[in-house]
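The model shown is predicted, which means the values in this text are computed figures rather than measured ones.
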Amino acid sequence: MKVMGSAILVFEAIVLGLSIPVSVVIYNVDTALAIWSTYLLMVLCILAVGGVRHDKRAAITTGLAVQAVIIAVGIFVRPLLFPGILFLLIWGLAYVMNNKVDEAKAARENL
C-alpha cells in the first residue's frame with residue numbers, strides 16, 4: 001500500500017493540475033478560485049505521500065481523508081469532483097489488491 005498509495009497520490013496531483021484549464025475555460029469558474037483551490041489540493045496530495053509511507057492503517061486513513069477533501073472541494077469547483085470520485089475508486093481498488101497480495105505472501109511463506 002505504501003508504494004501504490006504514493007503513486008496514486010502523485011498521479012492525482014498531476015490530474016488535478018490538468019483540471020485548471022477545464023475549470024476556467026469550460027466551466028467558467030473564477031480563475032483565482034480554480035488556481036488556488038487546485039494548487040492547495042495538489043500540495044495536499046504531495047504532503048499526503050509522507051503519510052502513506054507509514055504503516056498500512058495510516059496509509060489508508062490518509063488516502064481516504066485526501067479523497068474526502070477533494071470531493072468536498074469538487075462540490076464547489078465541479079471539474080474537481082470527477083477526479084476525486086475516480087481516484088477514490090482507484091484507492092479502493094488498491095486496498096483490495098493490497099489485501100490479496102498480503103494473503104498471497106502469507107500463503108507462500110507457509111509453504
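Contact between Gly17 and Met42 at its shortest, heavy atoms only, is CA-SD, 3.5 Å. Considering every non-hydrogen atom in both Trp91 and Ala59, the closest pair reads CZ2-O, 3.2 Å. When every heavy atom of Ser6 is checked against every heavy atom of Val49, the shortest pair comes out as OG-CG1, 3.8 Å. Counting all heavy atoms, side chain and backbone alike, Ile75 lies closest to Leu81 at N-CD1, 4.4 Å. Nearest heavy-atom pair, Leu16 versus Ser19, reported as atom, atom and distance to 0.1 Å: O-OG, 2.6 Å. The two atoms that bring Ala34 and Ile20 nearest to each other are O-CG1, 4.3 Å, heavy atoms only.
Partner of Phe87 under the side-chain contact (heavy atoms from CB on, under 4.5 Å) criterion, chosen from Leu9, Val15, Ile70, Val66: Val15. Residue Leu80 is tested with Val22, Ile85, Val73, Ile71 for a side-chain contact (heavy atoms from CB on, under 4.5 Å); the sole match is Val73.
Residues that satisfy the side chain to side chain contact (heavy atoms under 4.5 Å, CB included) test with Leu33, not counting sequence neighbours, are Val29, Asp30, Val77.
Leu44 and Leu64 end up in the same hydrophobic cluster when Ile, Leu, Val, Met, Phe, Trp and Tyr side chains are linked at under 4.5 Å. Tyr27 is connected to Ile35 through a chain of hydrophobic side-chain contacts under 4.5 Å among Ile, Leu, Val, Met, Phe, Trp and Tyr, so both are in one cluster. When hydrophobic clusters are built by joining Ile, Leu, Val, Met, Phe, Trp and Tyr residues whose side-chain heavy atoms come closer than 4.5 Å, directly or via intermediates, Ile14 is grouped together with Leu88. In the hydrophobic cluster analysis, where Ile, Leu, Val, Met, Phe, Trp and Tyr join through side-chain heavy atoms closer than 4.5 angstrom, Val10 is grouped together with Leu18. Val24 and Leu40 fall into different hydrophobic clusters, where Ile, Leu, Val, Met, Phe, Trp and Tyr residues are linked whenever their side-chain heavy atoms come under 4.5 Å apart, directly or through other members.
Every pair passing side chain to side chain donor-acceptor pair (under 3.5 Å) that includes a residue from residues 65-75 is listed here, sequence neighbours excluded: Glu12-Gln67.
Clustering of Ile, Leu, Val, Met, Phe, Trp and Tyr side chains at separations under 4.5 Å places Leu93 together with Met97.
A side-chain donor-acceptor contact under 3.5 Å links Asn99 and Lys56.
Of the inter-residue distances, the one linking Cys45 atom SG with Ile8 atom CD1 reads 11.0 Å to the nearest 0.5 angstrom.
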